[in-house]
Amino acid sequence: MNFEIMSVPNRMTTLSEVLEKLRLAKLDNEFRMTDEGFKATASNQVFKPDELTITKVYRFEGFSDPADNSALYIIEAANGLKGYALDSYGMYSDYSSDAFDSFIRKIPVNEKANGEH
């Protein structure tokens, strides 16, 4: 008999694993939504959507808890500052208004190849 060995698929990457990789790569500057725009925690600079580019998007979906649904956006500012914005999505969003969703939709997306940020 001839048995075919099935390869084990790559295991899923968790949000905490991606955040740790960002920290090690010095890309752990968080962009937080404020009334003025996205504020970078590392520099306290505030950016408008046209000053930012999304270079990668990660989506995480919880298997048993809908509260685990989140999106992580890797962002680069026009001045070269790189970091991320994180939001739970759906009814568990981190933001009470639609300001974050509206703002993030205005940022151009230019996803880079794996490993580049």
Side-chain angles (χ1 to χ4, degrees):
M1 291 187 143
N2 188 3
F3 292 97
E4 191 173 291
I5 300 174
M6 296 181 67
S7 64
V8 177
N10 292 337
R11 70 181 184 83
M12 296 293 290
T13 302
T14 65
L15 175 59
S16 60
E17 288 172 326
V18 174
L19 288 173
E20 178 61 11
K21 287 179 183 179
L22 292 174
R23 186 188 70 77
L24 293 172
K26 306 266 190 256
L27 298 173
D28 56 342
N29 303 305
E30 185 174 8
F31 289 90
R32 299 282 302 162
M33 188 74 224
T34 67
D35 291 339
E36 295 81 35
F38 266 13
K39 185 176 186 178
T41 57
S43 65
N44 286 325
Q45 292 174 285
V46 177
F47 298 93
K48 301 294 182 197
D50 62 348
E51 299 173 299
L52 302 169
T53 302
I54 295 172
T55 59
K56 184 84 174 163
V57 178
Y58 295 92
R59 297 199 192 291
F60 302 93
E61 296 180 2
F63 292 109
S64 61
D65 184 355
D68 290 342
N69 293 342
S70 59
L72 179 72
Y73 303 90
I74 308 302
I75 296 175
E76 185 171 347
N79 68 359
L81 182 66
K82 297 177 184 177
Y84 69 90
L86 177 64
D87 185 36
S88 296
Y89 54 89
M91 64 185 283
Y92 298 101
S93 176
D94 295 332
Y95 300 97
S96 59
S97 73
D98 66 346
F100 180 90
D101 292 338
S102 177
F103 189 92
I104 204 83
R105 283 187 200 112
K106 294 176 186 173
I107 300 174
V109 177
N110 183 13
E111 291 205 33
K112 296 183 178 183
N114 283 343
E116 292 182 46
H117 294 292

Return the [atom1] to [atom2] distance between [X] and [Y], rounded to the nearest 0.5 Å.
X	Y	atom1	atom2	value
Tyr73	Phe100	OH	CZ	5.5 Å
Thr41	Asp28	OG1	CG	8.0 Å
Glu30	Lys39	CD	NZ	12.0 Å
Leu27	Leu19	CG	CG	11.5 Å
Glu76	Ile107	CD	CD1	12.5 Å
Arg23	Asn29	CZ	CG	13.0 Å

Check [X] against [Y] and note the closest heavy-atom contact, atom names and distance.
X	Y	result
Arg59	Ala71	NH1-CB, 3.6 Å
Thr14	Phe60	C-CE2, 3.5 Å
Leu81	Asn79	N-OD1, 3.0 Å
Phe47	Glu51	CA-OE1, 3.2 Å
Pro49	Pro108	O-CD, 3.8 Å
Leu52	Phe31	CD2-CE2, 4.1 Å

Which of Ile74, Ile75, Val109, Asn110 passes side chain to side chain contact (heavy atoms under 4.5 Å, CB included) with Thr55? Answer is Ile74
Indicate if Val46 and Phe103 have the same hydrophobic cluster label, given that clusters are the connected sets of ILVMFWY residues with side-chain heavy-atom separations under 4.5 angstrom.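 As far as the 4.5 Å side-chain criterion goes, Phe103 and Val46 are not connected within one cluster.
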Arg32 and Phe38: CA distance, side-chain angles, deciding distance, side chain to side chain contact (heavy atoms under 4.5 Å, CB included) verdict: CA-CA 5 Å; Arg32 299 282 302 162; Phe38 266 13; over 6 Å; no
Got more than 12 heavy atoms from elsewhere within 6.0 Å of CG, Asp35?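 Open.
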Checking Ile104 against Asp87 for the side chain to side chain contact (heavy atoms under 4.5 Å, CB included) test, could you report, in this order, the C-alpha distance in whole Å, the side-chain angles of both residues, the deciding distance, and whether it holds? CA-CA 10 Å; Ile104 204 83; Asp87 185 36; over 6 Å; no
Using only atom types and a distance under 3.5 Å, with no angle test, would you say the side chain of Lys48 pairs donor to acceptor with the backbone of Glu36?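 Present.
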